[in-house]
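Data block below; observations after.
When a residue number appears, it is its place in the shown sequence, counting from 1. All figures in this text were calculated on a predicted structure; none of them were measured in a lab.
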Amino acid sequence: MKSDFLKYQAQTSPHPLAMEVSHANGSYIYDTQNKAYLDFVAGVSATPLGHNHPKVINAIKEQLDKYMHVMVYGEYAQKAPVELTKLLAKNLPYPLEKTYLTNSGTEAIEGALKLAKRATGRSEIISANNAYHGNTMGSMSVMGYEDRKQAFRPLLPDVRFITFNNEDDLNLITTKTAGVILETIQGGAGFIQPENGYLEKVRKRCDAVGALLILDEIQPGIGRTGTLFGFENYNCIPDILVIGKGLGGGMPIGAFTASTEHMDLLQNNPKLGHITTFGGHPVIAASALATLKEITESDLMAQALEKEQLFRKLLVHPLITDIRGIGLMLAVMTPSADITNKVILQSQDQGLILFWLLFEPRAVRITPPLTISNEEIIKGCNIILDILNKIQSQINNNK
């Protein structure tokens, strides 16, 4: 399978991990040799309830028995997407009440950018340096990392960049600005949290100049930070909320939510302001609804903060310089990219899945399922510490 994977399926990097997957359950993925791998990544934050959660699987099967795709988005009333958007509204602050369901996070970003321009009649978008919002052309245009963009230019015009947590840059948000798009917690940059009320200050500046604030919750959302959405930790309500990854419970989904007044603008002048064939797919919506119910009706969000403290207690080592993030969105920092690479690759050899971040080569991603047990956390951390001890020994021997 590996050779066919490399020959026929397009790759995104020269050296993919290329694990041959057989099945997955709970906090584990199994390869075709039936070796178990403890999953500290959760499909890059996309499986918050772990693998094959029974409530998610049952919801999918029940919907499959009824029907799959029947009509393009927004024409027919279908129970699963209606109930999903209703539950989102119930759990979001006013005026975030109407949701457009898409196929992916990056499509939701595209819709949010369009809505900001439509609502304000302006063209300028402001994003942050080292931001990542997806890889389609609009999303790439607001990516704050030129090395990943230069081969695909020209991209969208009228995009400017500010530095996350730099209050002096807020003056760049003006009456020409349609929208400011920020990750609530910068993901690819190294799980950078807003500091000193930064998001509140961005909110006030947007209000002052009539710009819309778009918060990208594709990674922090769906309980990972101890609240349903990360912005709840920072006293800042966006005009447009973008969701993805974990909402689908392992199925592909995206969504953007705004006020009814703003969202209804996509209906007219022009009509069909954003259209999609498979957005709001009933099977995927059923999976998302089951996932959202389980997270909002259980204590998993509170557990995320308790498990964060367990990680911080266990992962103490001379080669760990910092642990960034909140809840179960953690980046373990090492002194160098070389050490990080060794930790990630050697961990997989020992049955533990870790991963990189996009723009911070020293970071080790730890974003496990919210359902991971304390015993599994201890097991995985012991593997990490064992590898770090060996690396430290090699460093000492080479001195």
Side-chain angles (χ1 to χ4, degrees), residues 41-50 56 84-93 96-109 111-112 131-134 139 181-189 191-194 199 213-258 279 284-285 287-298 300-305 307-308 325-331 357 365-371:
V41 176
V44 188
S45 305
T47 54
L49 299 181
V56 175
L84 173 60
T85 53
K86 183 178 179 180
L87 186 57
L88 280 169
K90 178 182 176 182
N91 284 280
L92 283 169
L96 298 172
E97 57 194 353
K98 204 164 202 177
T99 297
Y100 194 118
L101 298 171
T102 65
N103 299 281
S104 65
T106 193
E107 186 196 347
I109 293 290
Y132 180 77
H133 298 287
S139 299
I181 181 167
L182 297 172
E183 298 159 276
T184 305
I185 299 172
Q186 281 204 302
F191 291 4
I192 308 298
Q193 294 189 69
L199 289 182
L213 175 58
I214 305 166
L215 287 185
D216 178 345
E217 289 269 355
I218 293 171
Q219 282 202 72
I222 317 303
R224 187 155 292 280
T225 68
T227 53
L228 189 58
F229 294 102
F231 71 80
E232 297 173 71
N233 296 300
Y234 307 110
N235 194 32
C236 175
I237 299 172
D239 296 294
I240 307 174
L241 173 69
V242 182
I243 318 168
K245 288 189 181 297
L247 179 62
M251 296 286 270
I253 198 170
F256 59 106
T257 303
I284 294 171
S287 176
L289 179 60
T291 300
L292 189 58
K293 281 183 176 179
E294 181 65 13
I295 289 173
T296 55
E297 294 174 3
S298 70
L300 285 172
M301 288 186 278
Q303 285 187 39
L305 297 176
K307 292 169 183 177
E308 173 197 350
I326 181 175
L328 291 178
M329 184 178 177
L330 301 174
L357 298 185
R365 172 190 289 273
I366 295 183
T367 55
L370 306 187
T371 50

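Exactly one of K245, Q186, R224 qualifies for a side-chain contact (heavy atoms from CB on, under 4.5 Å) with Q219. That residue is K245. When the options L247, N91, I222 are evaluated for a side-chain contact (heavy atoms from CB on, under 4.5 Å) with I295, the one that passes is I222.
For S139 (side chain) and T106 (main-chain N/O), a donor-acceptor pair under 3.5 Å exists by modelled atom type. At distances below 3.5 Å, not a single donor-acceptor pair connects side-chain atoms of T47 with backbone N or O atoms of G249. Remark: side-chain polar atoms of T102 are not paired, donor with acceptor, to backbone N or O of G279 under 3.5 angstrom. Listed for the E217 side chain is a donor-acceptor partner under 3.5 Å among the backbone atoms of G230.
Side-chain contact between F229 and T184 is absent, with no heavy-atom pair separated by less than 4.5 Å. Using a 4.5 Å heavy-atom cutoff, the side chains of P252 and N103 are not in contact. In this structure the side chain of L96 reaches within 4.5 angstrom of the side chain of P238, judged on heavy atoms. Here the side chains of T225 and Y234 are not in contact, with every heavy-atom distance at 4.5 Å or above. No side-chain heavy atom of L199 sits less than 4.5 Å from a side-chain heavy atom of N235. The side-chain heavy atoms of Q303 and L370, taken from C-beta on, include no pair separated by under 4.5 Å. R365 is listed as a side-chain neighbour of S45, based on a closest heavy-atom distance under 4.5 Å. Residues I218 and V242 are in side-chain contact: their nearest non-hydrogen atoms beyond the backbone lie under 4.5 Å apart.
Put simply, OG1 on T371 and CG on L328 are 9.5 Å apart, with the number rounded to the nearest 0.5 Å. L92 contributes atom CG, which lies 9.5 Å from atom CG of L87 (distance to the nearest 0.5 angstrom). Here the CD1-CG distance, from I243 to L292, works out to 8.5 Å after rounding to the nearest 0.5 Å. Note that CD1 of I240 and CD1 of I214 are 4.5 Å apart. Values are rounded to the nearest 0.5 Å. Separating the CD1 atom in I237 from the CG atom in L213 is a distance of 10.5 Å, to the nearest 0.5 Å. Once rounded to the nearest 0.5 Å, the distance linking CG of L101 with CD of E107 reads 10.0 Å.
When all heavy atoms of G223 and A304 are compared, the closest pair comes out as O-CB, 3.9 Å. Residues L182 and H133 come closest through the heavy atom pair C-CE1, 3.9 Å. Residue A331 comes nearest to F191 through the heavy atom pair N-CD2, 3.5 Å, listed as atom of the first residue, atom of the second, then distance. G248 approaches S287 most closely through the heavy-atom pair O-OG, 2.7 Å. Looking at every heavy atom in both residues, Y132 comes nearest to D216 through O-OD2, 3.7 Å. What you find for G246 and P48 is that their closest heavy atoms are O-CG, 3.3 Å.
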* To do: Take L88 and L241 through the test side-chain contact (heavy atoms from CB on, under 4.5 Å) and record every step on the way to the result.
  => CA-CA 11 Å; L88 280 169; L241 173 69; over 6 Å; no
